[in-house]
Amino acid sequence: MNSARSRVALGARLVREHGKEISPARAAAAATAGRRWASTEAPKTSAASSGPRITAAPAPPHKNITLHSLATKVRKGQPISMVTAYDYPSAVHVDKAGIDILLVGDSLGMVELGFDTTLPVTLDDMIHHGKAVARGCRRPLLVIDLPFGTFETSPQQAAQSAIRVMKETNFDAVKVEGGRQRLPNIEAILDCGIACMGHIGLTPQSYSSLGGFKAQGRTAAAAYELIKDAEALQETGCFALVIECVPAAVADQVAKAVDIPVIGIGAGPHTDGQVLVFHDMLGMMQHYHHAEFTPLFCKQYATVGHTIQNGLADYKRDVEERRFPSMEYSPYKISDAELATFMDMVASHNETKQRLASDGQVKSAADDIDNENIKVY
Ligand SMILES: Nc1nc(=O)c2c([nH]1)NC[C@@H]1CN(c3ccc(C(=O)N[C@@H](CCC(=O)O)C(=O)O)cc3)CN21
Ligand SMILES: CC(C)C(=O)C(=O)O
């Protein structure tokens with residue numbers, strides 16, 4: 001929907017039906033889930049010369065993004081930023097950058113686990129990664145995908161999977177792929193009091209029936225289906241939608257058709273927000289397998305993969321040429337007196353070793369040395 005339009009309906013039904021928004025309870029609940037907050041202090045560098053050179057990072061703003069603050073943002077015409085992350089360090093980065101929504105997408109199967117599609121990803125995989133992300137995050141709205149095979153077969157299956165994910169990860173919402181054919185399943189999730197984001201257009205979990213990762217909504221009829229799907233998902237109570245890989249003009253009309261935020265990926269500039277996969281947008285994918293799946297619609301904002309490659313190559317060369325570690329990186333000290341005593345012990349140890357060797361007792365030398373040098377201990 002265009003930014004000028006009012007977004008009063010955002011999450012409204014969800015909030016009405018379940019009494020309260022999801023996120024206010026998050027800080028308290030997070031403590032029990034072991035979520036670790038960043039330092040609230042200003043950046044500082046450790047002054048202790050013998051200590052490790054650790055720079056404490058400034059904490060992100062304390063204000064969490066909630067369904068309501070998201071609605072306010074959209075009402076004010078401010079676009080929503082969303083990005084995926086799958087582990088603790090990337091979650092810390094996303095949090096610090098002030099991104100609005102962090103998605104643990106099932107794309108983790110491809111960019112983190114090395115599969116060719118998202119189909120093999122399990123609920124256990126999602127929970128494992130979700131927990132790590134939650135430990136690194138406090139500000140963004142946290143959304144997690146229900147992976148293939150965990151929600152399609154019945155509303156009950158969908159509800160059970162969503163409940164398990166919410167219990168174990170302490171996230172704010174789940175995302176479910178599919179349009180009107182998934183309405184009963186999505187309704188069951190919402191009925192449990194769980195916020196749900198829809199996902200239409202290219203739904204990668206339908207890789208098999210779509211015949212690949214293909215752009216969608218490219219005929220009038222298919223584009224019109226997307227409008228009907230978006231309206232149905234809004235009516236059911238989804239608080240937002242992802243629309244993936246459709247022509248910009250089609251995404252524009254879908255966004256105009258509903259009041260809830262429509263977040264695009266490969267869907268042009270007219271949506272209420274944008275989402276990209278972390279590894280794609282940071283240029284992390286050097287491996288041929290990953291490069292193959294970096295979509296054309298993705299803008300690269302960094303070339304982290306090159307930075308990593310350069311760092312590893314420099315390290316290898318330094319080790320091989322004995323440039324690392326220099327004494328600068330050998331911080332553990334021993335006093336001159338202790339060192340002198342130690343050197344005497346080594347000298348005596350070596351003498352004993354030589355004597356035993358020349359006596360032809362090499363095999364049992366170690367035991368004998370221990371006995372003779374018992375004073376060492
Ligand atoms: N790394 C990564 N980034 C993603 O955005 C992403 C994943 N993985 N895995 C799950 C899905 C799959 N996605 C993809 C993957 C490839 C294309 C792609 O290559 N599209 C072609 C057009 C295909 C066509 O319409 O024929 C392109 O040229 O962009 C699109 C979306 C988006 N998601
Ligand atoms: C690409 C985004 C929207 C996603 O669904 C994922 O990362 O799995």
Side-chain angles (χ1 to χ4, degrees), residues 80-87 90-91 94 99-123 125-126 129-130 133 140-148 150-151 165 171 173-178 182 196-219 222-223 238 240-248 250-251 261-268 271-301 304-305:
I80 296 168
S81 59
M82 173 165 160
V83 72
T84 68
Y86 314 96
D87 56 21
S90 53
V94 170
I99 301 282
D100 295 320
I101 304 178
L102 186 157
L103 171 70
V104 177
D106 62 354
S107 52
L108 81 83
M110 296 171 71
V111 298
E112 292 278 315
L113 305 180
F115 292 121
D116 286 341
T117 70
T118 58
L119 303 195
V121 176
T122 66
L123 207 58
D125 291 333
M126 298 305 298
H129 287 263
V133 162
L141 191 81
L142 297 179
V143 181
I144 187 162
D145 268 338
L146 290 190
F148 177 64
T150 66
F151 63 92
V165 166
F171 267 43
V174 298
K175 178 163 79 57
V176 172
E177 288 187 13
R182 296 287 169 247
C196 189
M197 179 181 270
H199 182 155
I200 59 173
L202 170 56
T203 46
Q205 290 173 17
S206 307
Y207 183 87
S208 167
S209 59
L210 295 178
F213 296 130
K214 298 270 173 31
Q216 301 297 305
R218 299 183 62 200
T219 63
C238 287
L241 292 181
V242 162
I243 187 162
E244 177 166 352
C245 289
V246 303
V250 173
V262 173
I263 298 167
I265 172 166
T271 54
D272 302 298
Q274 295 294 329
V275 55
L276 284 176
V277 167
F278 189 88
H279 298 56
D280 298 345
M281 60 156 300
L282 294 177
M284 205 124 87
M285 314 311 270
Q286 306 302 301
H287 193 283
Y288 70 93
H289 177 82
H290 294 148
E292 198 177 322
F293 286 102
T294 302
L296 283 183
F297 57 73
C298 183
K299 179 173 175 183
Q300 281 192 355
Y301 288 86
V304 171

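Atom set for the values below is all heavy atoms of this structure, side chains included, hydrogens, waters and symmetry mates excluded. Just follow the structure's listing: the first ligand is 1, and inside any ligand the first atom is 1.
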If we only count N/O pairs under 3.5 Å, is Leu296 in contact with ligand 1? yes

Could you establish whether Lys214 and ligand 1 come within less than 4.0 Å of each other, counting only heavy atoms on the residue side? yes

Distance under 4.0 Å to a non-hydrogen atom of Asp145: what atoms of ligand 2 satisfy this? 5 (O), 6 (C), 8 (O)

Run the side chain to side chain contact (heavy atoms under 4.5 Å, CB included) check on Phe297 and Ile265 step by step: do they pass? CA-CA 8 Å; Phe297 57 73; Ile265 172 166; 3.3 Å; yes

Which of the ligand 1 atoms, numbered from 1, are nearer than 4.0 Å to a heavy atom of Ala215: 24 (C), 25 (O)

Where ligand 2 meets Thr84 - atom numbers and elements under 4.0 angstrom, heavy-atom basis: 7 (O)

Side chain or backbone of Asp106 under 4.0 Å from ligand 2, or both, or neither, by non-hydrogen atoms? both

Glu244, portion touching ligand 1 at heavy-atom distance under 4.0 Å: side chain

Regarding ligand 2, does Ser107 bring an N or O atom to under 3.5 Å of one of the ligand's N or O atoms? yes

To the nearest 0.5 Å, how far apart are CD in Gln205 and CG in Leu119? 7.5 Å

With heavy atoms of Gly105 as the reference, note each atom of ligand 2 found under 4.0 Å away. 6 (C), 7 (O), 8 (O)

Once you round to the nearest 0.5 Å, how far does CD of Glu112 lie from OG1 of Thr84? 8.5 Å

If every non-hydrogen atom of Val121 is compared with every non-hydrogen atom of Pro147, which pair is closest and at what distance? O-CB, 3.5 Å

Taking atom 4 (C) of ligand 2 as the point of reference, which of Val143, Thr118, Leu103 owns the nearest heavy atom? Leu103

Contacting atoms of ligand 1, where contact means under 4.0 angstrom from a heavy atom of Val111: 1 (N)

Please report whether the ring centroid of Phe213 lies less than 6.0 Å from that of Tyr207. yes

His199: numbered ligand 2 atoms lying under 4.0 Å from its heavy atoms: 5 (O)

Give the ring-plane orientation class for His129 versus Tyr86, where under 30° counts as parallel, over 60° as perpendicular and anything between as tilted. perpendicular

What's the verdict on side chain to side chain contact (heavy atoms under 4.5 Å, CB included) for Ile263 and Thr271, showing C-alpha distance, side-chain angles and the deciding distance? CA-CA 6 Å; Ile263 298 167; Thr271 54; over 6 Å; no

Nearest heavy atom to atom 19 (O) of ligand 1: which of Cys298, Pro295, Gly212, Gly109 does it belong to? Pro295

Residues forming a side-chain hydrogen bond (donor to acceptor under 3.5 Å, both in side chains) with Gln216, sequence neighbours excluded: none

Pairing residues for Thr118 by the side-chain hydrogen bond (donor to acceptor under 3.5 Å, both in side chains) criterion, not counting sequence neighbours: none

Under 4.0 Å to a heavy atom of Leu202 - the qualifying atoms of ligand 1, by number: 31 (C)

Any idea which atoms of ligand 1 are less than 4.0 Å away from a heavy-atom of Cys245? 30 (C), 31 (C)

Run His199 and Leu241 through side chain to side chain contact (heavy atoms under 4.5 Å, CB included) and show every step you take. CA-CA 5 Å; His199 182 155; Leu241 292 181; over 6 Å; no

Atom indices of ligand 1, in the order listed, that fall short of 4.0 Å to a heavy atom of Met110: 9 (N), 10 (C)

Please answer whether the main-chain N or O of Asp100 pairs with a side-chain N or O of Ser81 as donor and acceptor at a distance below 3.5 Å. yes

Counting from 1 in the order shown, the ligand 2 atoms closer than 4.0 Å to a non-hydrogen atom of Lys175 are 4 (C), 5 (O)

Part of Glu177 within contact of ligand 2 (heavy atoms, under 4.0 Å): neither

I'd like the name of whichever of Asp280, Ile265, Asp145 reaches closest to atom 1 (N) of ligand 1 through any heavy atom. Asp280

Consider only side-chain N and O atoms of Gln300 and Asp280, and report whether a donor and an acceptor are under 3.5 Å apart. no

Counting from 1 in the order shown, the ligand 2 atoms closer than 4.0 Å to a non-hydrogen atom of Ile265 are 1 (C)

